[in-house]
2 protein chains.
Amino acid sequence: MDAQPENQIVRAVIDAISEQRLPAGAKLGEQVLSDLFDCNRANVRRALASLAAQHVVELRPNRGAFVVAPSAQEAREVFQARRAIERTIARQAIGRVTDADIAYLRANISAETEARTLRDKPAELRTSQRFHMYLAQLSGNRILERFLAELTMRSTLILGMYSAEGHSCARCDDHRGIVDALIARDEELLLRLAEEHLRNLEAELNFDISTTSAGGLKDQLLGPKPSSDKPVTRL
Amino acid sequence: MDAQPENQIVRAVIDAISEQRLPAGAKLGEQVLSDLFDCNRANVRRALASLAAQHVVELRPNRGAFVVAPSAQEAREVFQARRAIERTIARQAIGRVTDADIAYLRANISAETEARTLRDKPAELRTSQRFHMYLAQLSGNRILERFLAELTMRSTLILGMYSAEGHSCARCDDHRGIVDALIARDEELLLRLAEEHLRNLEAELNFDISTTSAGGLKDQLLGPKPSSDKPVTRL
DNA sequence: GCCGCCAGCATTGTTAACAATAATTGTTAA
DNA sequence: TTAACAATTATTGTTAACAATGCTGGCGGC
């Protein structure tokens with residue numbers, strides 16, 4: 001695979017945001033990152049430039065890199081964009097889905113349900129996002145897949161900021177219905193369910209609250225490992 | 001505005017590709033760029049990292065940065081993505097378009113027609129892209145606008161590679177019809193015309209040919225100024 | 001005469017030191 | 001006690017030198 005340190009950093013940051021370990025507004029210091037991934041600052045800066053180009057972080061001159069904090073307006077735009085893109089993805093998926101795919105999607109939904117009952121938030125977020133991204137892969141359109149990856153990541157950020165009760169993408173029932181429509185090859189139903197699902201998600205947002213918590217960057221990035229050699233560097 | 005040298009480079013490269021001054025496969029050397037924009041290599045590298053993150057250039061290790069050369073498959077994906085995104089943009093535009101916007105769009109179409117009759121390819125490409133991007137702005141969705149900017153740029157690259165007769169986005173008649181449907185607020189007609197327009201564009205591609213010409217990077221990036229102080233660096 | 005090899009050159013990648021800017025802390029006076 | 005100011009510290013930004021890699025052209029062998 002691609003073991004370039006810069007891509008490693010990019011993936012780690014995106015994964016961390018996707019599992020809500022890295023909250024909106026968190027600062028990504030160059031020194032901290034170069035220590036964590038033991039590479040020089042040049043690589044860190046390249047990684048941050050990439051993330052900035054994808055609007056994952058914001059680069060404030062002489063201040064550093066911060067995880068973006070989407071506004072309510074941006075949140076609406078994200079979900080509108082998702083409806084546009086996932087609509088096409090769903091249509092394409094109808095003609096390409098196989099039995100093996102269905103089996104995978106069902107297993108994934110089960111995992112999501114289990115994660116939710118276990119209150120395992122990261123696993124729940126991961127499986128839910130995986131559902132959408134698997135369909136995107138199925139569509140065979142790598143550009144739409146890439147766009148959706150950015151949008152689902154940003155959705156997670158938005159849910160972390162504006163979601164009171166952590167439903168996340170929790171409506172497994174919606175996912176189940178979508179899979180059923182896929183099997184039935186019922187395009188009209190599928191498109192309706194997909195759109196409804198996204199509207200449901202959006203409807204659960206509450207723009208009055210906006211949490212921008214902060215914690216140890218190392219745990220956020222690398223996950224909550226049991227033993228930690230160094231005291232956590234401050235955010 | 002944002003006069004950071006790295007963003008300057010990014011914009012210059014994107015503009016150059018949009019007007020087909022920079023062809024697919026062109027190499028972007030660090031030394032050349034740092035000379036052209038008189039900045040240090042660090043800024044150049046940041047710019048190239050940004051462009052790579054947007055899949056505008058490809059970063060080959062120890063080789064340098066090259067403008068991407070979309071395959072036939074990628075071309076199809078680009079146009080499919082455009083249909084998905086511009087569909088939503090068109091719908092949004094219906095509810096937001098003003099008389100002033102219509103006037104602008106009409107003027108832009110005239111300019112496009114004129115550029116075509118004058119065989120001014122860069123102007124033709126610029127106005128045509130502007131038509132699509134103006135609608136995107138009109139939609140009020142900055143995310144879709146950004147996605148479409150990437151897609152139109154890539155479309156230009158694709159047209160440069162696979163278009164025998166340079167129609168570019170030349171079907172002004174299509175644009176005219178779209179504006180008319182916008183005025184009439186006829187959603188059904190508008191969506192049909194927008195989709196047809198993109199399908200027409202795609203249908204004109206010829207994947208048997210694939211031109212990857214090369215020239216002087218300075219003229220390509222900064223435009224063909226009449227007098228040039230230095231002999232052109234090699235590609 | 002054609003192909004492979006080797007040296008020199010150009011370009012990219014890495015690192016470290018230094019400068020500039022912002023944040024923090026401590027001090028002093030009202 | 002608080003507010004403003006000054007000094008310190010930490011972080012980012014810039015630059016240059018060096019290392020490593022890939023490319024080019026000339027040479028000799030087949």
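Here is how names work: the chains are called A, B, and so on, in the same order as the sequence lines, proteins then strands, and each is numbered from 1. Since we're looking at a predicted model, the values are computed, not measured.
- Across the protein-nucleic acid pair, A/Arg63 atom CZ and D/dA10 atom P stand 18 Å apart, rounded to whole Å.
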For residues 50-64 of chain B, which side-chain donor-acceptor pairs fall under 3.5 Å, sequence neighbours excluded?
{"residue": "B/Ser50", "atom": "OG", "partner": "B/Arg46", "partner atom": "O", "Å": "3.4"}
{"residue": "B/His55", "atom": "ND1", "partner": "B/Ala53", "partner atom": "O", "Å": "3.4"}

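- Taking the charged nitrogens against the carboxylate oxygens, B/Arg116 and B/Glu112 have no contact shorter than 4.0 Å, which rules out a salt bridge.
- Closest to the side chain of A/Glu30, out of C/dA23, C/dG13, D/dG13, is D/dG13.
- Residue pairs meeting the salt bridge (charged side-chain N to carboxylate O under 4.0 Å, His left out) criterion with at least one member in residues 126-138 of chain B, sequence neighbours excluded: B/Glu19-B/Arg126.
- Checked against ring-ring contact (aromatic ring centres under 6.0 Å, His included), B/Phe66 has no partners two or more places apart in sequence or in another chain.
- For the pair B/Arg60 and D/dG22, the criterion of a side-chain N or O lying under 4.0 Å from OP1 or OP2 is not met.
- The CZ atom of B/Phe66 sits 12 Å away from the P atom of D/dG22 (whole-angstrom rounding).
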Let me have DNA chain C in dot-bracket notation, would you? Count Watson-Crick plus G-U wobble pairs, both distances under 3.5 Å, and use [ ] for pairs crossing earlier ones and | for inter-strand partners. ||||||||||||||||||||||||||||||
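- Sorted by first then second residue, the ring-ring contact (aromatic ring centres under 6.0 Å, His included) pairs that include residues 136-156 of chain A, not counting sequence neighbours, are A/Phe147-B/Phe147.
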Show me the protein contacts with nucleotides 14-20 of chain D, counting only N or O atoms at under 3.5 Å.
{"residue": "D/dT15", "atom": "OP2", "partner": "B/Asn40", "partner atom": "ND2", "Å": "2.2"}

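- A/Ala136 is linked by a side-chain contact (heavy atoms from CB on, under 4.5 Å) to A/Ile89, A/Met133, A/Glu145, A/Leu148, counting only residues two or more places apart in sequence or in another chain.
- B/Phe131 pairs by the ring-ring contact (aromatic ring centres under 6.0 Å, His included) definition with B/His175, not counting sequence neighbours.
- Qualifying side-chain contact (heavy atoms from CB on, under 4.5 Å) partners for B/Glu74, counting only residues two or more places apart in sequence or in other chains: B/Pro70, B/Ser71.
- Between B/Asp35 atom CG and C/dA10 atom P there is a gap of 14 Å when expressed in whole angstrom units.
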